[in-house]
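Take a look at the structure below.
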Amino acid sequence: MSISITLPDGSVKQYDKPVSALAVATDISPRLADASICAELNGKLIDLEHMIDSDANLVLHTFKSEIGKEVYWHSTSHLMAQAVKQLYPEVLVTIGPAIEQGFYYDFDRETPFTDEELLLIEKRMQELSAMALPYARTELSKAEAIKMFADMGESYKLELLDAIPDTDIISSYRQGDFVDLCRGPHLQNTSKIKAIKLLKTSGAYWRGDEKNKMLKRIYGISFPSNKELNEYLVFLEEAAKRDHRKLGKDLDLFSINDEVGAGLVLWHPNGAMIRHQIESYWKEEHLRRGYKLVYTPHVGRSNLWETSGHLGFYKENMYSPMQVEDQEYYIKPMNCPFHIHIYNANHHSYRELPIRLAELGTVYRYERSGVLHGLMRVRGFTQDDAHIICTPEQLDAEVEKLIVFSLDMLKHFGFKDFMIYLSTQPEGSVGEKADWDKATESLAASLKKLDLDYSVDEGGGAFYGPKIDIKIKDAIGRAWQCTTIQFDFNLPKRFNMQYIGADNSPHQPFMIHRAVLGSVERFFATLLEYHGGNLPLWLSPVQVMLIPITDGQFDYASEIMEKMQAMGLRCEIDSRSEKMGYKIREAELKKIPFMCIVGKNEAANNQVTLRQHTKGDLGTMDFDAAIQTITSHK
RNA sequence: GCCGAUGUAGCUCAAUGGUAGAGCAAUUGAUUUGUAAUCAAUAGGUUGGGGGUUCAACUCCCUUCAUCGGCUCCA
């Protein structure tokens with residue numbers, strides 16, 4: 001008997017009898033064996049103890065791989081469930097998966113877990129880890145599994161089993177006195193889990209449905225060493241410093257005020273200047289690419305929203321109507337109906353298409369109180385909206401242009417990592433299947449042509465059309481949707497949009513609804529977090545702070561400031577009676593890109609001393625040289 | 001909306017039922033300074049709002065609003 005095991009580097013190991021993945025790892029190096037978490041046998045995940053009895057490709061996973069982390073955290077969630085069951089036997093277990101950063105487990109328990117209890121659970125987990133309990137896999141029939149979990153009184157597990165076909169083989173994992181329904185794989189034993197931190201608790205609906213009972217969730221994370229855990233905790237602290245809500249306060253960019261209302265943003269002068277720069281750039285780019293700018297009202301008659309269908313499908317996100325001379329008006333949650341009426345105000349020939357109407361349109365949506373989040377999720381926000389109205393033949397080219405445009409613009413702001421999603425037809429959608437297929441293919445084809453990685457969100461489209469979304473991550477790795485490119489099979493029909501074709505008869509155009517930044521508020525927040533508040537020169541509200549060393553240089557500093565302002569630089573003078581070090585410190589804390597220090601020497605020689613934010617002193621130089629240095633930064 | 005936590009001066013935070021306080025910021029004065037905090041004085045509060053318990057409430061209870069972390073939903 002001969003078994004050949006091929007490893008990812010192409011090397012082959014020969015065995016004359018069945019061998020475990022762990023043994024193969026040991027043959028490569030004992031250190032690898034120690035670090036290994038699980039393995040992938042011909043693409044299927046297995047436990048390290050799994051015996052390999054025929055030729056196979058084998059990949060060993062350590063904590064370095066995503067899969068390794070996932071299994072590690074999943075095993076930790078089992079460990080946590082064991083600790084919880086030991087401490088609180090009355091609690092029922094439900095599910096406990098690994099997530100992007102750590103794991104959670106949902107429990108059914110009347111009282112919430114307190115911080116003190118979290119510490120107790122953590123301590124028990126450490127004790128259980130020290131016992132090095134093996135994670136033992138058992139395979140059983142569904143009937144056996146039902147009996148086992150019924151005997152244990154774990155009703156949620158029975159509910160999960162219900163969804164599994166009767167003939168399937170079920171696996172369970174047992175460590176010590178705890179057994180859980182689980183596909184696996186798992187770590188060899190609990191001692192592999194070295195550093196544990198339970199982070200927070202929350203409520204979570206059973207199976208994610210708000211009609212179901214709310215369970216008590218515990219989130220945690222674990223690492224193979226304390227060093228890694230500490231690094232992670234430091235990362236969280238660093239991320240908190242980049243939080244746009246903190247930066248917004250520290251840099252005096254915006255505020256949200258109780259008395260004004262939740263989810264309504266006040267843009268302070270500094271924030272407004274940044275926003276102005278974003279919007280100016282946005283408008284220029286749109287004009288360069290054949291868009292027409294439009295402006296539309298903030299409210300519209302109820303008839304409009306009836307025609308558009310919003311009162312049917314979007315009402316719970318709309319504010320109550322206001323009465324004006326016996327007519328009902330609604331504040332707008334979207335800009336589309338207005339743009340369509342601009343299109344419909346005239347007849348259009350196929351020769352005019354595509355028509356691209358763009359607007360920074362402020363909309364208001366009712367968001368449930370628990371979901372508001374700084375600038376990321378608000379109740380009044382400005383979409384960088386546009387509607388592209390085109391013929392079916394123009395579709396592919398327009399979609400491709402849009403994706404290129406979106407990525408170009410996001411890159412201009414410094415973003416590099418995007419997550420792209422293609423969402424397809426959901427249940428209960430409007431429009432013809434053939435149209436959906438064509439539009440979805442068009443989206444997919446463009447993404448492929450541009451060689452972009454994307455995930456498919458099956459059935460995740462809007463009810464009116466498929467879409468492409470681009471998401472960007474915030475400081476702690478939460479993804480927020482920015483760009484969205486959505487087809488609309490609904491509104492062109494509802495508003496009877498038409499163009500006259502080459503055949504001299506009316507046709508219904510295709511419409512794409514899109515936002516590149518998503519909303520100015522959310523984009524601003526993401527931008528701020530991405531740069532940690534250290535915005536590039538072109539976006540900084542104050543670009544240069546002039547720092548006279550004594551009152552004697554105030555006039556000279558004013559002269560410099562006027563010259564800079566004439567060149568379009570945004571600068572201010574710190575004329576307070578403070579020491580230079582103090583003024584520098586303040587300018588650094590305000591993250592102003594450049595400081596221009598002028599003392600006796602500079603004034604006498606018509607020079608300035610430049611200092612760059614976070615970089616320090618750049619030396620004394622002539623005015624022109626300083627300008628050149630400053631403007632060489634974008 | 002649901003689960004949990006939190007709400008004290010502009011900001012960051014003290015004060016566990018017994019006279020609301022500190023640092024920074026602000027104002028005023030002094031200081032005229034060479035690369036991340038000069039010194040002093042002054043002012044700043046219905047302790048988120050409302051109600052209750054108590055001789056007495058920042059502190060305990062109820063309610064409401066907001067914020068934070070999740071769930072659900074979404075740009």
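Labels below follow one simple rule: chain letters A, B, ... track the order of the sequence lines, proteins then strands, and each chain is numbered from 1. Given the structure is predicted, the values throughout are model-derived calculations rather than measurements.
A/Ile485 places a side-chain heavy atom less than 4.5 Å from the side chain of A/Ile403.
Both distances falling under 3.5 Å, in either a Watson-Crick or a G-U wobble arrangement, place B/G23 opposite B/C11. With both pairing distances under 3.5 Å, B/C68 is matched to B/G4 as a Watson-Crick or G-U wobble pair. With both pairing distances under 3.5 Å, B/G17 is matched to nothing as a Watson-Crick or G-U wobble pair. Across all strands shown, nothing is found opposite B/U53 as a Watson-Crick or G-U wobble partner with both distances under 3.5 Å. Here B/A40 sits opposite B/U28 as a Watson-Crick or G-U wobble pair (both hydrogen-bonding atom distances under 3.5 Å).
The residue A/Gly261 sits apart from the nucleic acid: no heavy atom pair falls under 4.0 Å. Using a 4.0 Å heavy-atom criterion, one finds that A/Ala515 contacts no nucleic acid atom at all. Counting non-hydrogen atoms under 4.0 angstrom, A/Val363 reaches nothing in the nucleic acid.
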Just distance, no hydrogens or angles: give the donor-acceptor pairs under 3.5 Å from side chains in residues 455-462 of chain A, sequence neighbours left out.
unit_1, atom_1, unit_2, atom_2, d
A/Glu458, OE2, A/Thr424, OG1, 2.9

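Partners of A/Ile99 according to the side chain to side chain contact (heavy atoms under 4.5 Å, CB included) rule, which considers only residues two or more places apart in sequence or in another chain, are A/Tyr104, A/Tyr219. Taking the salt bridge (charged side-chain N to carboxylate O under 4.0 Å, His left out) definition, one finds that A/Glu559 meets it with nothing, sequence neighbours left out. Partners of A/Ser429 under the side chain to side chain contact (heavy atoms under 4.5 Å, CB included) rule, at least two apart in sequence or in another chain, are A/Gln425, A/Pro426, A/Trp436.
Place A/Met334 and A/Ile256 on RNA chain B by their nearest nucleotides, and A/Ile256 ends up nearer the 5' end. Where A/Arg207 and A/Glu367 each meet RNA chain B at their nearest nucleotide, the meeting point lying more 5' is that of A/Arg207.
Per the geometry, CZ belonging to A/Arg379 stands 16 Å off P belonging to B/C74, to the nearest Å. Taking atom NE2 of A/His373 as the reference point, atom P of B/C71 lies 12 Å away to the nearest angstrom. The interatomic distance linking A/Tyr314 (OH) with B/C73 (P) rounds to 14 Å, in whole Å. Going from atom CG of A/Leu264 over to atom P of B/A66 covers 10 Å, rounded to whole Å. The CZ-P distance, from A/Arg377 to B/U72, rounds to 12 Å in whole Å.
When the side-chain nitrogen and oxygen atoms of A/Tyr219 are compared with OP1 and OP2 of B/C71, one or more of them lie within a distance under 4.0 Å. At B/U12, one or more side-chain N or O atoms of A/Lys249 fall inside 4.0 Å of OP1 or OP2 (strictly under the cut-off). Listed pair A/Gln383 / B/A75 fails the phosphate criterion, with no side-chain N or O lying under 4.0 Å from OP1 or OP2. Residue A/Ser369 places at least one side-chain N or O under 4.0 Å from the OP1 or OP2 atom of B/G1.
Below the 3.5 angstrom threshold, one finds a donor paired with an acceptor across the side chain of A/Arg368 and the base of B/U72. With hydrogens and angles ignored, a donor-acceptor pair closer than 3.5 Å exists between the side chain of A/Tyr205 and the base of B/G1.
Taking atom C1' in both B/G1 and B/G44, one finds a spacing of 40 Å when rounded to whole Å. B/G45 and B/C13 have their C1' atoms separated by 15 Å, with the value rounded to a whole Å.
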TODO: Take nucleotides 30-45 of chain B nucleotide by nucleotide from the 5' end and write B, S or -, depending on whether a protein heavy atom sits under 4.0 Å from the base, only from the sugar-phosphate, or from neither.
DONE: -BBBBBBBB-------
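In this structure, A/Arg275 is not positioned above the aromatic face of A/Phe524 in the sense of NZ or CZ being under 6.0 Å from the six-membered ring centre and within 45° of the axis. For the pair A/Lys467 and A/Phe487, the cation does not sit on the ring face, since its NZ or CZ is not both under 6.0 Å from the ring centre and inside 45° of the axis.
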Any N/O pairs under 3.5 Å between the protein and nucleotides 3-6 of chain B? List them or say none.
unit_1, atom_1, unit_2, atom_2, d
B/C3, O2, A/Gly203, N, 3.2

